[in-house]
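Atoms within each ligand, like the ligands themselves, are counted from 1 in listed order. Just so it is clear, the values below take in all heavy atoms, side chains as well, and ignore hydrogens, waters and symmetry mates.
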Amino acid sequence: MYGLPRTIFTEEHDLFRDSIKDFIAQEISPNNAQWEKNKMVSRESWKKLGDNGFLCIQAPEKFGGLNIQDFRYNAIFIEELGLSGCSGPAIGYPLHSDIVFPYILHYGTEEAKTKYVPGMVSGDLISAVAMTEPGAGSDLQNIRSTAEEMEDHFLINGSKTFITNGYLSDIVVVAAKTDPTKGAKGISLFLIDKDMPGFSKGIPFEKVGLHAQDTCELFFEDVKVPKHNLLGKIGMGFNYLMTELAQERLIVALSALALAESTFQTTVDYVKNRPAFGKMVSDFQNTRFKLAEMAAKLEQARIYCDQLVVLHNDKKVDPAMASAAKYTMTELQCDVADECVQLHGGYGYMWEYAVARAYADARVQKIYAGTNEIMKELIARKILK
Ligand SMILES: Cc1cc2nc3c(=O)[nH]c(=O)nc-3n(C[C@H](O)[C@H](O)[C@H](O)COP(=O)(O)OP(=O)(O)OC[C@H]3O[C@@H](n4cnc5c(N)ncnc54)[C@H](O)[C@@H]3O)c2cc1C
C-alpha cells in the first residue's frame, strides 16, 4: 500500500509477524462479531494467546516468559491486532502485556511476581489497571480510594470506573491514597486479586464503541491486601504511573495508526466496487484526492511511529514524545474514520459495515490513557520548561 520501505524489522521480526497474523486470522477475526455481542472477548482466547507465547513476552524465563526485551515484537503484536480491525482485542490484549505487566515487572515484590506472572504469561490470569474514579479522571491526584496501613496488610476502600479488561480481570493494579492529606505524594499502587474478599465488579458498560471490551466499574470494600502486594514504595504510585504512562501512550498511538490503516484499506476496497453515475466511486476525483491525502498522512505517520519504536527500545521516548504520538495518531485515526465513513455514503453509517464500527471505536482513543487536552499540556510543559 505504501511507497516508503520500513527498515526497522529483521527477518526474525517478519517471521513473528507471520505467526501472529495467522493466529489473528484463525482465532480472533472470526470470533470478534460474537465477542462484540458478548461485550467481551472469550477467556479461551486469552489462554490460546498464552499457549502460543504471545502474552507478556518480556517476562523472565523463570516465570514462563520468553524474556524478549525488544519492543519491536510488542509493536508487531499491537500493529497486527490493529490491522485486523478488531478494536476490542487490539486494546485489551496489549493493555495486559504492555501496560499492566510492566508495573509488576518493575515494581512487584518477588512474592507477587512468583504468584501472578506465570498466570499472566499463560493467559490464565487477565489483568487491568485501575486509576480512574467517578470523581477523578484527568485529575488523578484527586482520587478518593484509600489504603490504610494495618499491621500485616493494607485495607483498601473505594471504587474505580471505566476499567478496560475490568469484568474479566483476575488481577488489578489499583491506585489508592495511603496519605489522603497529600496529593500526588499520597498515592500508592497495589495488586488486588479477584479472590480477595470485598472486591466486586460491575457489569460491562454499554459503550458507543469498543463493544468487544469488558469495560466496567470495580468496587473495594475493606479489601485486605497483603503487604507484599504493594508495588514499589509507599507514596511513589504517582511517579510510577507517570513513568509507565509513556509506554501506555505510545501503545495507544501504535494501535491508533494500525486501526486507521485498516479502515483506510477497507475503504479502498469499497470505493473500487461501488458504482455511481456509471463509474465506480473510486473514479471521482474527490475520492482519489481524499484517498491520496489519507495515504500520504498514514505513510508519514508510519515512519514517525517506527522511529518512536526504535527510540523506545533505547529508552529514549520521554513523556512529551509519547504524548505527542498519542495525540497526533488518535486525531489521525478519528479523521481517517470520518473521511472513510463519508466515502461509504449511507452504508458507512450502518453498523454491519466495518467502517461504521471503526468510526465509533476510534472516538475513545482521544479520551483514555490521558485525554488529548492533557497530552497537549504535557507537550507544552516540555516546550516551555
Ligand atoms: C472505554 C474506556 C476505557 C478506559 N479504560 C481505563 C482503564 O483501563 N483504567 C483507567 O484507570 N481508566 C480508564 N479509562 C478512563 C479514562 O482514562 C478517563 O476517562 C480519562 O482520563 C478522562 O477522565 P474523565 O473521564 O474523568 O474526564 P475529565 O477529567 O472529567 O475531563 C473532562 C474534560 O475536561 C478536560 N480537562 C480535564 N482537565 C483538563 C486540563 N487540566 N486542561 C484542559 N482540559 C482538561 C478533558 O480533556 C475532557 O475534555 C477509560 C475510559 C474509557 C471511556
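No salt bridge links Asp269 with Arg274; every basic N to acidic carboxylate O contact stays at or beyond 4.0 Å. Using a 4.0 Å cut-off between a side-chain N of Lys or Arg and a carboxylate O of Asp or Glu, Asp179 and Lys185 do not qualify as a salt bridge.
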Need the list: ligand 1 N/O atoms against protein N/O atoms, distance under 3.5 Å, rounded to one decimal.
residue: ligand 1; atom: 5 (N); partner: Phe162; partner atom: O; Å: 2.7
residue: ligand 1; atom: 5 (N); partner: Thr164; partner atom: OG1; Å: 2.8
residue: ligand 1; atom: 8 (O); partner: Thr164; partner atom: N; Å: 3.0
residue: ligand 1; atom: 8 (O); partner: Thr164; partner atom: OG1; Å: 3.3
residue: ligand 1; atom: 9 (N); partner: Val129; partner atom: O; Å: 2.9
residue: ligand 1; atom: 11 (O); partner: Met131; partner atom: N; Å: 2.8
residue: ligand 1; atom: 11 (O); partner: Thr132; partner atom: N; Å: 2.9
residue: ligand 1; atom: 11 (O); partner: Thr132; partner atom: OG1; Å: 3.1
residue: ligand 1; atom: 12 (N); partner: Thr132; partner atom: OG1; Å: 2.7
residue: ligand 1; atom: 14 (N); partner: Phe162; partner atom: O; Å: 3.3
residue: ligand 1; atom: 23 (O); partner: Ser138; partner atom: N; Å: 3.4
residue: ligand 1; atom: 26 (O); partner: Gly137; partner atom: N; Å: 3.4
residue: ligand 1; atom: 29 (O); partner: Ser138; partner atom: N; Å: 3.0
residue: ligand 1; atom: 29 (O); partner: Ser138; partner atom: OG; Å: 2.6
residue: ligand 1; atom: 47 (O); partner: Thr371; partner atom: OG1; Å: 2.7
residue: ligand 1; atom: 47 (O); partner: Glu373; partner atom: OE1; Å: 2.6

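Relative orientation of the Tyr103 and Tyr107 rings is tilted, given thresholds of 30° and 60° on the angle between their planes.
Each of Trp46, Phe23, Tyr73 was evaluated against Phe54; a single residue qualifies, Phe23, per the ring pair (Phe, Tyr, Trp, His ring centres under 6.0 Å) test.
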| task | Using the side-chain hydrogen bond (donor to acceptor under 3.5 Å, both in side chains) rule, take Tyr359 and Thr263 through it: C-alpha gap first, then chi angles, then the decisive distance, then the call. | result | CA-CA 9 Å; Tyr359 177 75; Thr263 309; over 6 Å; no

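Of the possible polar contacts, one joining the Arg43 side chain to the Leu168 backbone as a donor-acceptor pair under 3.5 Å is found.
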